[in-house]
Amino acid sequence: MKSKLSLCAGAALGVMLAAGVAAPSQAAPRKAKASPAASQAAELRELRAQIEALTARLNAQESAQAQTAATAQQAQAQAQTATTQVQAVQAAADTQIKTIPEQVKTAVAANTPKPKKSWADDTVVSGRMYYDISNVTNKVDGVKKVPSGNGFDIKRFYVGIDHKFNDTFSANITTDFQYSSAIGATELYIKKAYLQAKVSDALVVRAGSTDLPWVPFVEDVYGYRYVENTLIDRTKFGTSADWGVHASGKLGSIFSYAVAVVDGNGYKNPTRAKTMDVEGRLSAQLDNVILAVGGYSGKLGKDNQGAVTYHTANRFNALAAYKTKTYRIGVEYFSTEDWNNVATAVSDKADGYSVFGSYQFNDKFGAFARYDYVKPTKETASAKKDGYYNIGLTYSPAKIVDFSLAYKHDKVENGTLSTSNGVIGGVRQGTYDEIGIFGQFRY
């Protein structure tokens, strides 16, 4: 704008100078009455004054316009700020409105009398059943004997009731129901009945009948208890539960332990004796590797009042396994001294091992196999030996339901051996073959 004013002023001044120069030349014939220079200077001064006045007026208009624009811009900014504030207030109001139902619900719940707590709120009922439908061929020195044939067996049916008194104390009772076509009888036992005090993760104490330290631990690693008992349980060199005082716990993230002082005669036959037996286990799990050692020492409930015992039964156990969601492999070993000779003058030893493995093809299908070898009487009948294996495929339609098509073979040479499948063997040898569907369900 200022440059335009300067151009206008220059143009006006040029016009005046031109007029002043031209005027004397046209009026040359006449006699001048005043000085031309003085007249031109006056006109120039008057013209400059007019131009300066015009420039000042234009500058004033330009300043007013700039001030008006600044005022408008400021007003626009204030309007935008006001709009943002209104939106924030509206959002806050919307948020508060949305919380009103929850506040009302909370207030109603806080002022509504709570129903009286029932014992059932802290009580859980669970169950598990092992069963099979199979064909058995039992031979003694080549001749078929009972229980050969076809049949349906409920090997185990556990019903458990757990009740929690508070964060420390709880109780459990679990029944053990068994029907076996091999013996043609139905049996019902109390397998577990205990009061528990959980002092911490490192110390859980149970008084009564409950899991012993070794067999249930190996069952969990093995994973196919419903197909067959684990090594020492199958060959009667150990059992899964007994009456007494039990303690267990976790020692950090790697180590765990369990120890029990028990009657020694198993959960099916609680007896009083002069002494009590001790079983223990120390285990470690680092990522997928599982290692454990354990032992047992005692009279097995045979040192009753008036009875004579000659030896103390001792057992050593060890296990190493690698377990993932897809597969598991493991080996279990045991050795005993006088396990079946507490009340006899003669001494004896036994040992054996079990190698097992399984592979999960997907969530529903898997395969497994196992091999056991046992020398049950190394001192008194060193030629006696037991060789056992199983192999099978598993289908799991649900997380708590398993079906396995399996084949089991057991051979005892140069004598007999009491096993979870009955007494197997003969003068020379005896064999036990079973094929069928083995299953379990849990709830």
Side-chain angles (χ1 to χ4, degrees), residues 124-136 138 147 150-162 172-194 206 208-243 246 262 265-270 332 354 356 358 368 370 372 388 390 392 394-408 410 418-424 432 434-443:
V124 177
V125 178
S126 61
R128 174 177 292 196
M129 187 170 81
Y130 302 149
Y131 62 91
D132 67 72
I133 179 168
S134 63
N135 173 268
V136 172
N138 183 46
N150 302 303
F152 178 85
D153 288 341
I154 297 178
K155 293 295 182 71
R156 285 290 185 269
F157 187 14
Y158 304 116
V159 177
I161 301 174
D162 288 277
N172 171 281
I173 182 168
T174 300
T175 61
D176 180 6
F177 167 86
Q178 176 186 14
Y179 169 76
S180 175
S181 59
I183 62 175
T186 298
E187 302 170 315
L188 180 63
Y189 300 95
I190 299 296
K191 182 170 186 177
K192 299 180 186 179
Y194 62 82
R206 293 176 175 179
S209 178
T210 188
D211 290 338
L212 284 171
W214 190 256
V215 170
F217 174 81
V218 179
E219 288 177 351
D220 183 64
V221 177
Y222 172 48
Y224 286 87
R225 165 62 184 86
Y226 67 96
V227 175
E228 190 61 88
N229 303 61
T230 56
L231 177 62
I232 65 171
D233 196 15
R234 183 183 70 84
T235 54
K236 307 299 183 182
F237 286 100
T239 189
S240 59
D242 204 345
W243 296 84
H246 308 252
V262 294
N265 212 15
Y267 67 91
K268 295 180 180 180
N269 188 17
E332 179 188 4
S354 175
F356 56 86
S358 62
F368 62 90
R370 169 178 155 191
D372 295 357
Y388 166 93
N390 67 39
T394 298
Y395 171 59
S396 303
K399 187 176 180 180
I400 59 174
V401 178
D402 298 298
F403 300 98
S404 291
L405 174 62
Y407 172 68
K408 304 193 296 186
D410 197 357
S418 178
T419 74
S420 57
N421 293 309
V423 176
I424 300 172
Y432 178 93
E434 184 174 10
I435 184 170
I437 301 296
F438 298 80
Q440 70 168 342
F441 68 83
R442 305 178 297 278
Y443 63 86

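For the numbers below, each heavy atom of this structure counts, side chains included, while hydrogens, waters and symmetry mates do not. Residues take their numbers from the sequence shown, with the count starting at 1.
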Identify the two heavy atoms, one from Asp242 and one from Asn265, that lie closest to each other, and give their separation to 0.1 Å. OD2-N, 3.5 Å
Hey, could you give me the CH2/CG distance between Trp214 and Leu231, rounded to the nearest 0.5 Å? 10.0 Å
Parallel, tilted or perpendicular for Tyr443 and Phe441, by the 30°/60° rule? parallel
Does the pair Tyr130 and Tyr158 meet the rule for a side-chain contact (heavy atoms from CB on, under 4.5 Å), with working shown? CA-CA 9 Å; Tyr130 302 149; Tyr158 304 116; 4.1 Å; yes
Evaluate the criterion side-chain contact (heavy atoms from CB on, under 4.5 Å) for residue pair Thr175 and Ile190; output intermediate values, then yes/no. CA-CA 5 Å; Thr175 61; Ile190 299 296; 4.1 Å; yes
I'd like to check the ring pair (Phe, Tyr, Trp, His ring centres under 6.0 Å) partners of Phe157; sequence neighbours left out, ordered by chain and number. none
Partners passing side chain to side chain donor-acceptor pair (under 3.5 Å) against Asn229 (at least two apart in sequence or in another chain): Asp233, Ser420
Can you check side-chain contact (heavy atoms from CB on, under 4.5 Å) on Thr394 and Phe403, steps first, answer last? CA-CA 6 Å; Thr394 298; Phe403 300 98; over 6 Å; no
Hits for side-chain contact (heavy atoms from CB on, under 4.5 Å) against Asn172, two or more places apart or cross-chain, chain-then-number order -> Asp162, Thr174, Lys192, Tyr194
Do Val215 and Ile232 touch side chain to side chain, with heavy atoms closer than 4.5 Å? yes
Exercise: do Ser134 and Glu434 side chains pair donor with acceptor under 3.5 Å: yes
Of all the heavy-atom pairs spanning His246 and Asp211, show the shortest one and how long it is. ND1-O, 3.7 Å
Would you tell me whether Tyr395 and Ser404 have side-chain atoms, one donor and one acceptor, within less than 3.5 Å of each other? no
Ion pair Glu228/Arg234, N-O distance below 4.0 Å: no
Working to the nearest 0.5 Å, report the span between OH of Tyr226 and CZ of Arg442. 9.0 Å
Over all heavy atoms of both residues, which pair between Gly266 and Trp243 is shortest? Give the atoms and the distance, please. O-CD1, 4.0 Å
Is any side-chain heavy atom of Met129 closer than 4.5 Å to a side-chain heavy atom of Ile154? yes
Answer with yes or no after comparing the ring centroid distance for Tyr222 and Phe356 against a 6.0 Å cut-off, counting only values under it. yes
With sequence neighbours excluded, give me every salt bridge (charged side-chain N to carboxylate O under 4.0 Å, His left out) pair touching residues 125-136. Asp132-Lys155
On a heavy-atom basis, which atom in Pro397 and which in Val401 lie closest, and how many Å separate them? CD-O, 3.6 Å
List the steps and the verdict of side-chain contact (heavy atoms from CB on, under 4.5 Å) for Val227 and Phe368. CA-CA 10 Å; Val227 175; Phe368 62 90; 4.0 Å; yes
Residue pair Ser240 / Lys191: nearest heavy atoms and the distance that separates them: OG-NZ, 3.2 Å
From CZ (Arg156) to CG (Asp176), nearest 0.5 Å: 4.5 Å
Point-to-point distance, once rounded to the nearest 0.5 Å, from CG of Asp410 to CG of Asn390: 10.5 Å
How many angstroms lie between OH in Tyr388 and NZ in Lys408, if you round to the nearest 0.5 Å? 5.0 Å
Pairing residues for Tyr131 by the ring pair (Phe, Tyr, Trp, His ring centres under 6.0 Å) criterion, not counting sequence neighbours: none
Can you sort out the partners of Ser396 under side chain to side chain donor-acceptor pair (under 3.5 Å), two or more places apart, ordered by chain and number? Asp402
Run the salt-bridge test on Arg370 and Asp372 with the 4.0 Å N-O cut-off and return the result as yes or no. yes
Let me confirm one number: the CZ-CZ distance from Arg225 to Phe438, rounded to the nearest 0.5 Å. 12.0 Å
